[in-house]
Amino acid sequence: MFGLDAIELARIQFAFTISFHILFPAITIGLASYLAVLEGLWLKTHNNVYRDLYHFWSKIFAVNFGMGVVSGLVMAYQFGTNWSRFSDFAGAVTGPLLTYEVLTAFFLEAGFLGVMLFGWNRVGRNLHFFSTVMVAIGTLISTFWILSSNSWMQTPQGYEIIDGRVIPTDWFAVVFNPSFPYRLLHMSIAAFVATAFFVGSSAAWHLLRGRDTPQIRKMLSMAMWMALIVAPVQAVVGDFHGLNTLEHQPAKIAAIEGHWENVGDEPTPLILFGLPDMKEERTKYAVEIPYLGSLILTHSLDKQVPALKEFKPEDRPNSTIVFWSFRVMVGLGFLMIFTGLWSLWLRKRGTLYNSRAFLYLALWMGPSGLIAILAGWFTTEIGRQPWVVYGLMRTSDASSGHSVMQMSITLVMFVVVYFVLFGAGLGYMMRLVRKGPKAYVEHVPEGGPGQNRTPARPLSAAVEGAEDGDNLDSLGKGN
């Protein structure tokens, strides 16, 4: 298919499914914490604006959570179907870590999710708030275990290789491997930032259409405070993450920088733009800033950064891709910081909700956090190549050995099904966003199990109180 071999198709298939999947957990992590904050503020202040926002975003959370679970299950099965040799080699490490995620995080979320989504008038306020907090904590615990497993593949430690298989010898070292703390913090903050811009974009959309309500203003205000505070923190965390990567995966840093060779003892320049050419072993049309590469990556003006030519050609990541994916992530990060600073300036002038130029920027920045997350994951995963477990197992040795025809057919099927199914789900979620928050009317539930007020399925939470005949049947129509 398109001149690609079976391993390349397997990699594309996994990249495609994880790219879809990662969008949902990122928003789920951010929205769960956002909902906990909203409900906590409502309980403390009795300001019904927070209550109205809670009910509005809980419907969107329900749809997003459901799609995240489905896409995650599909992705997990690929470890056995397409990457069975990897599972055989490293399953003694990755299997238990993913099991811990199910036992601690997924069960916690599942146990309290029903109370959170359907228990507003069925349990006490404190118990309901506790359930919301537990769901939020569950999403963070899930992030902990998933990032631990993936980080071990980047910087493995705490193991022995016996009979061609990885055997854990120190679980503390396995879980808290060298890159894990940085990657956990980086990803968690990314989820909060992505959610903030999603919420802020939704508010800007309504304000631009003349719907200026206290709920909409509060959405924009909270989102921009989050962007102002957290986006710069993410930049600092990213710097520490980069230093850790330089120590443990220098080839990845060289590929990200498009840096091929050092000249004498000269400091390393920063290549802002260029086109890395893997065959010619150089970065064409490079726009460089002297000394800046050394300053950013080593925090000195005289130390050099490792160059790609210091590594064997077969051990080099694809610089052409990671060079640009990294710059997309960083560029969007700076734009997020700018958006937060602009919002502060407008807030002080009292024009935050009236500046159409800013509102259009906030609107278009809606997907920026998710795009940055995807770009960051491409940088991380492609930068790890040609290793599936860094320094231990090559990607070419990890696949199940399927034929090109088999991988081509399944890839096409995934693309078609994902775009239809999740496209419909995303469309429905955006329909909910376009409705906007409204004043919540308190009511007393009637009937018991099986009656009108008891939802029959989890995603029914997104339909409670829907207007104009909207229901989840619209998912089948692609609306």
Side-chain angles (χ1 to χ4, degrees), residues 182 186 190 193 197 227 231-313 315-342 361 364-365 367-386:
Y182 304 97
H186 198 52
V193 174
F197 279 96
V233 173
Q234 179 72 314
V236 175
V237 172
D239 178 62
F240 284 110
H241 187 195
L243 295 176
N244 177 265
T245 304
L246 177 62
E247 178 182 356
H248 296 281
Q249 296 176 299
K252 179 188 290 188
I253 289 295
I256 288 172
E257 296 302 311
H259 178 53
W260 287 94
E261 58 185 331
N262 289 307
V263 179
D265 295 328
E266 294 182 9
T268 305
L270 175 69
I271 301 177
L272 287 178
F273 305 105
L275 185 61
D277 190 313
M278 298 301 292
K279 292 183 178 179
E280 296 188 16
E281 297 186 336
R282 68 188 182 97
T283 298
K284 301 177 180 177
Y285 319 114
V287 177
E288 300 180 349
I289 300 179
Y291 297 95
L292 193 55
S294 293
L295 181 61
I296 292 176
L297 290 165
T298 68
H299 292 182
S300 72
L301 290 175
D302 55 0
K303 295 181 181 179
Q304 294 181 329
V305 176
L308 277 170
K309 287 186 178 181
E310 297 175 15
F311 305 93
K312 298 177 181 179
D315 292 340
R316 299 170 186 169
N318 191 320
S319 179
T320 307
I321 298 176
V322 299
F323 179 89
W324 282 106
S325 61
F326 179 79
R327 278 151 183 76
V328 168
M329 178 185 68
V330 172
L332 287 173
F334 280 117
L335 194 55
M336 292 173 191
I337 294 173
F338 170 75
T339 304
L341 291 173
W342 191 5
L361 174 62
W364 287 106
M365 286 292 290
S368 63
L370 295 175
I371 295 172
I373 287 174
L374 287 177
W377 271 98
F378 289 162
T379 303
T380 295
E381 299 305 307
I382 297 174
R384 182 181 60 197
Q385 299 302 316

Between atom [atom1] of [X] and atom [atom2] of [Y], what is the distance when rounded to the nearest 0.5 Å?
X: I253; Y: L246; atom1: CD1; atom2: CG; result: 5.5 Å
X: E281; Y: W260; atom1: CD; atom2: CH2; result: 5.5 Å
X: H259; Y: L308; atom1: NE2; atom2: CG; result: 8.5 Å
X: M365; Y: L335; atom1: CE; atom2: CG; result: 4.0 Å
X: D302; Y: E266; atom1: CG; atom2: CD; result: 13.0 Å
X: E381; Y: I321; atom1: CD; atom2: CD1; result: 13.0 Å

If only atom types and distance count, is the side chain of [X] paired as donor or acceptor with the main-chain N or O of [Y] below 3.5 Å?
X: S294; Y: P267; value: no
X: S300; Y: K303; value: yes
X: Q385; Y: D315; value: no
X: T283; Y: G258; value: yes
X: W324; Y: G274; value: yes
X: T380; Y: W377; value: no
X: R316; Y: F311; value: yes
X: T268; Y: V305; value: yes

Kindly give the heavy-atom pair with the smallest separation between [X] and [Y], and that separation in Å.
X: G383; Y: P317; answer: O-CG, 3.3 Å
X: P306; Y: P250; answer: CG-CB, 3.9 Å
X: V322; Y: T379; answer: CG1-O, 3.9 Å
X: P269; Y: P290; answer: CB-CA, 4.0 Å
X: L301; Y: Y291; answer: O-CD2, 3.7 Å
X: A307; Y: A254; answer: C-CB, 3.9 Å

Under 4.5 Å between any side-chain heavy atoms of [X] and [Y], yes or no?
X: I256; Y: F323; answer: no
X: Y182; Y: L243; answer: no
X: L332; Y: I371; answer: yes
X: T339; Y: S368; answer: no
X: V193; Y: M336; answer: yes

Subject >> Side-chain H-bond candidate by donor/acceptor type, E310 with N262, under 3.5 Å >> reply: yes
**OP:** Could you tell me whether D277 and K284 make a salt bridge, using a distance below 4.0 angstrom between a side-chain N and a carboxylate O?
**Re:** yes
Subject >> Pairs touching residues 242-257 that satisfy side-chain hydrogen bond (donor to acceptor under 3.5 Å, both in side chains), sequence neighbours left out >> reply: Q154-Q249, Q154-K252, Q249-K252
For a quick test of your reading: what N or O donor-acceptor pairs under 3.5 Å do the side chains of residues 231-240 make, sequence neighbours left out?
{"residue": "Q234", "atom": "OE1", "partner": "H186", "partner atom": "ND1", "Å": "3.0"}
{"residue": "Q234", "atom": "NE2", "partner": "H186", "partner atom": "O", "Å": "3.0"}
{"residue": "D239", "atom": "OD1", "partner": "H299", "partner atom": "NE2", "Å": "3.4"}
{"residue": "D239", "atom": "OD2", "partner": "H299", "partner atom": "NE2", "Å": "3.2"}

Original post:
Checking side-chain contact (heavy atoms from CB on, under 4.5 Å) for the pair L361/F338: CA distance, chi angles, key distance, verdict?
Top reply: CA-CA 10 Å; L361 174 62; F338 170 75; 4.0 Å; yes
